[in-house]
Amino acid sequence: RSVLADKRIVIHAVGCMPDHVHVAASIPPALAVAEVARRWKGLSSRAVNERRRAVNYPESFNWQAEYGVHTFGKAALPKVVAYVQN
């Protein structure tokens, strides 16, 4: 969150599934969603791998190349956050 705060991105909710992650976020229209996804994936995989190395975990973590994006309006935000959290 702190790394992306300088871009005025607001993370509303994060939900971890066994094989993927859901994120509900507000991204300013001036930012390309593809660039935001690239940064999220790059920064998070680097953080996970640093923690793995600290405990001598032998395998590296990598995200798949693909991602999906759904847009929603302000009125739907509470329902989207509830979905991501549950």
Side-chain angles (χ1 to χ4, degrees):
R1 290 175 193 236
S2 64
V3 173
L4 297 172
D6 66 323
K7 302 291 185 192
R8 296 189 355 246
I9 297 170
V10 178
I11 307 295
H12 300 286
V14 176
C16 295
M17 304 301 292
D19 61 349
H20 63 280
V21 176
H22 292 155
V23 179
S26 294
I27 300 172
L31 294 178
V33 174
E35 177 61 19
V36 172
R38 185 191 68 77
R39 288 197 65 196
W40 277 343
K41 292 167 80 172
L43 294 168
S44 61
S45 62
R46 185 178 317 139
V48 168
N49 285 318
E50 285 175 2
R51 289 183 181 162
R52 286 180 170 206
R53 281 190 293 276
V55 295
N56 295 319
Y57 194 85
E59 296 179 32
S60 293
F61 171 80
N62 295 300
W63 292 107
Q64 68 182 32
E66 300 83 13
Y67 62 91
V69 175
H70 296 275
T71 62
F72 55 90
K74 192 174 188 178
L77 181 60
K79 288 182 179 179
V80 172
V81 167
Y83 175 82
V84 168
Q85 290 175 336
N86 297 304

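Remember, predicted model here, so these are calculated numbers, not experimental data.
- Distance CD/Q85 to NE2/H12: 11.5 Å, rounded to 0.5 Å.
- The distance from the CG atom of D19 to the CD atom of Q64 is 8.5 Å, given to the nearest 0.5 Å.
- Taking all atoms of both residues into account, the shortest heavy-atom contact from V80 to A24 is CG1-CB, 3.9 Å.
- Distance check: R39 CZ to I9 CD1 gives 7.5 Å after rounding to the nearest 0.5 Å.
- Applying the side chain to side chain donor-acceptor pair (under 3.5 Å) test to R53 and every residue at least two apart in sequence or in another chain returns nothing.
- Sequence neighbours left out, the pairs with a member in residues 46-71 that pass ring-ring contact (aromatic ring centres under 6.0 Å, His included) are F61-W63.
- Under the rule for a side chain to side chain donor-acceptor pair (under 3.5 Å), S45 has no partner lying at least two apart in sequence or in another chain.
- Hydrophobic clustering, with ILVMFWY side chains joined whenever heavy atoms are under 4.5 angstrom apart, keeps I11 apart from L77.
- In plain terms, the two heavy atoms of V84 and V14 that are nearest each other are CG1-C, 3.6 Å.
- When hydrophobic clusters are built by joining Ile, Leu, Val, Met, Phe, Trp and Tyr residues whose side-chain heavy atoms come closer than 4.5 Å, directly or via intermediates, V21 is grouped together with V48.
- V81 and Y83 fall within the same hydrophobic cluster, defined by Ile, Leu, Val, Met, Phe, Trp and Tyr side-chain heavy atoms under 4.5 Å apart, directly or through other members.
- Atom CZ of R51 sits in a sparse spot, with 12 or fewer heavy atoms from other residues, nucleotides or ligands closer than 6.0 Å.
- Among all heavy-atom pairs drawn from E66 and K41, the shortest one is O-NZ, 3.2 Å.
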